[in-house]
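To keep things clear, I will list the structure first and then write my remarks on it.
Since the model is a prediction, treat every value here as computed from it, not as a measurement. So you know, we letter chains A, B, ... as the sequences are listed, proteins then strands, and number each from 1. Keep in mind that the numbers below use all heavy atoms, side chains included, and drop hydrogens, waters and symmetry copies.
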Protein chains: 2
Amino acid sequence: MEENKDVTIYDLAEKLKLATSTISRALKDHPTISSKTIKKVKKMAEEMGYVPNTLAAGLRGNKTNTIGVLIPTVTQPFLSSLISGIEIAARKSGYNVIIMQSHDSYEEEVSMAKSLYSSRVSGIICSLGMKTVDTTHFQQFVNNNIPIVFVDRVPKDFNTFRVIIDNHAAAYKATVHLIEQGCKRIAHITAGSEFGNLYNERKRGYIDALTKYNLPVEKELIADLKTVTYNEALKASDKLLDLKNRPDGLFASGDIMAVSAIQSAKKRGIRVPEDLKVIGFNNDPISEIIDPNLSTITHPAAKMGQMSAEIILKSIKFPNKDEVKEITFLNTEVLVRESSKKI
Amino acid sequence: MEENKDVTIYDLAEKLKLATSTISRALKDHPTISSKTIKKVKKMAEEMGYVPNTLAAGLRGNKTNTIGVLIPTVTQPFLSSLISGIEIAARKSGYNVIIMQSHDSYEEEVSMAKSLYSSRVSGIICSLGMKTVDTTHFQQFVNNNIPIVFVDRVPKDFNTFRVIIDNHAAAYKATVHLIEQGCKRIAHITAGSEFGNLYNERKRGYIDALTKYNLPVEKELIADLKTVTYNEALKASDKLLDLKNRPDGLFASGDIMAVSAIQSAKKRGIRVPEDLKVIGFNNDPISEIIDPNLSTITHPAAKMGQMSAEIILKSIKFPNKDEVKEITFLNTEVLVRESSKKI
DNA sequence: CTTTTTTACGCAACCGATTTAGTTAGAATA
DNA sequence: TATTCTAACTAAATCGGTTGCGTAAAAAAG
């Protein structure tokens, strides 16, 4: 019932017979305020239950200490780890994190970019939606010197910070690993190849590895999913393993797809890794749980989130107008577990 | 270089020789503004690239159209689905979502609650940290009529909205299911029981079911983890399955723990479900992937998120001061899959 | 005991949108 | 023609901190 009005610096000023400017400065330990006054102000603030109004500060200073995060979804392990990394790094510097999910919809992404701009975020971290080709909706951030970092799924022709892994190299390594384990017919599961995305990079790595080692690239060994779901992947795996000339190795562009292949193999009595060696991508939690344990490519999600946030923070702190926005490559490694071991 | 100042309603007003009040109203289709003027204003806004400043509006109106979410972590499937549900519902009403992770630290939770209040969120959705007993840090929201919803892990003695499942009933159902499948010695894996949390509710449900069916409750069959990690759970499972008088059924308070039990059983040549029937809790993605498929209790994460957000939104729209904050119970179901089938 | 410097604080504009309480011009009514 | 209404605006206060600039008082220097 008590319409509890917030305590403001005006209330503090009145109580202490000081100017609001003094209060404001005292609360932030401004050097021109005597330590005695600072102590007095802080004590009173505590007593009266003063809570700063971030909005007001943000309005005046035109900065909100908020980082916007725009990603397809939060429910994929990679992306939730990414968020976690971002949130931890941001919070360490007193920044908040606003999350938006584009659900791989271009229209949503555009609308959300506008919304984030409207919220005057201090920076934005984005992983593009599956169908996003055009990126003009991010131009407003660039124009207004709001730092923007693209992570993982990044645009090609946009001069901004980027935090990525070398998808081609990683896929190449994965494929070579299978070859070194003695595989001769290596299948590949990929997704959404009609959009120029990171899955294509991985596919290229796969193809280049085969070529390098003089193995034929066969269309029937490459499955291209419309959407990355377990069931879709399972169907694709079934098809691959039912081929007359069955593959003896399989590189999947994601762990879920790799797991589906393992399950599909089990159903058919195909032994992994004896008859089929499998390697995935991402090092999702499931990869250590599935039996046999899944070999995979590490994908440092939390680290990528952390670095993205740090780049934003640094860029806010030192808004050097250098035209060159660096690209940060993070390492990936082949994580050999059971599913690809040579017997 | 061009210090691109934002276009404001002042710029529009000047350009169109109108008052800022007219601009403001025109942009929101206020009925007292002629449709001709509205059209004119909107066109100019578009042309000049006007983007509303949410901060300013928020400051004036003392509302931010932002919902704060305070949870232990975003990387657990249940919680990331929860977030997803919240975000979708919030966004549908034009609300933003700020995420903070307490990492089960009480101090972090307190600090973040303050921070969210400082950001003047319009409402807050919270799932308590493992160690949180005291909840005075949420009192400020109540005092200032900021709607607060606790979800899943909720406090007992705090008159706020709560969105939960009936953990006791769900656990009871799960245990009864095992009994009905013929299990006589049913083990249980729980966690963090020193804190009065929802795992305890489930444990109670387990015990009550055993009692009801005249099965003895044996201490050695109950494993209590310090932290819910796969490895911890694996160790506990190993111990349970190495008992002289081995259990023939196992109810785990989480799917990860249930999966660990399945893996532990496999290592020992104990067949699931023939020799050991297992049921988990949550219906995490992994439950459909593990072999055998894991029977589990559904836990409607996204739905709970959605409802939490809707309660907040409704509460903002109709700030009726009724002292009674309803508790929303969501349904859970026993999802019978392979791991608990009678042979 | 002046003059200069330093310390510590006050004044007031400012950020950009919202909103209350008018005001004006033209239409409707008498 | 005088009066009342109404539609369509405008002026100005407001939200709560922040900050450039100004100034009084105390300290240091001369």
### Task
Determine, using ring centers only, whether B/F150 and B/F161 are less than 6.0 Å apart.
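Ring centroids of B/F161 and B/F150 are no less than 6.0 Å from each other.
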Donor-acceptor check, side chain of [X] to backbone of [Y], threshold 3.5 angstrom: yes or no?
| X | Y | result |
| --- | --- | --- |
| B/S80 | A/S80 | no |
| B/E109 | B/G129 | yes |
| B/S118 | A/V51 | no |

### Query
Where the side chain of B/T32 is defined as all heavy atoms beyond and including C-beta, which of C/dG16, D/dC9, D/dT19 is the nearest nucleotide?
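The listed nucleotide nearest to B/T32's side chain is D/dC9.
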### Minimum-distance nucleotide (side-chain atoms of B/N53 versus C/dC15, C/dT18, C/dG16)
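Nucleotide nearest to B/N53's side chain: C/dG16.
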Students often get this wrong, so: under 4.0 angstrom with heavy atoms, is [X] touching a base, only sugar-phosphate, or nothing?
| X | result |
| --- | --- |
| A/T37 | sugar-phosphate |
| A/V41 | nothing |
| A/S34 | sugar-phosphate |
| A/L18 | sugar-phosphate |

### Query
Between B/L55 and A/K17, which is nearer to the 5' end of DNA chain C once each is assigned its nearest nucleotide?
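Result of the comparison: A/K17.
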### Query
Between B/L59 and B/R25, which has a closest nucleotide on DNA chain C that is more 5'?
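So the residue in question is B/L59.
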Integer-rounded Å distance: [N] [atom2] and [X] [atom1]:
| X | N | atom1 | atom2 | result |
| --- | --- | --- | --- | --- |
| A/L27 | D/dG17 | CG | P | 9 Å |
| A/D29 | C/dA8 | CG | P | 14 Å |
| A/I9 | D/dG16 | CD1 | P | 10 Å |
| A/H30 | D/dT19 | NE2 | C1' | 8 Å |

Does [X] put a side-chain nitrogen or oxygen below 4.0 Å from OP1 or OP2 of [N]?
| X | N | answer |
| --- | --- | --- |
| A/S24 | D/dG17 | no |
| B/Y10 | D/dA12 | no |
| A/K28 | D/dG17 | no |

### Query
Any donor-acceptor pair under 3.5 Å joining the side chain of A/S21 to the base of C/dC11?
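Check passes, donor-acceptor contact within cut-off.
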### B/N96 side chain to A/S119 side chain, donor-acceptor N/O pair below 3.5 angstrom
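Their side chains do contain a donor-acceptor pair, which is all the 3.5 Å distance test asks for.
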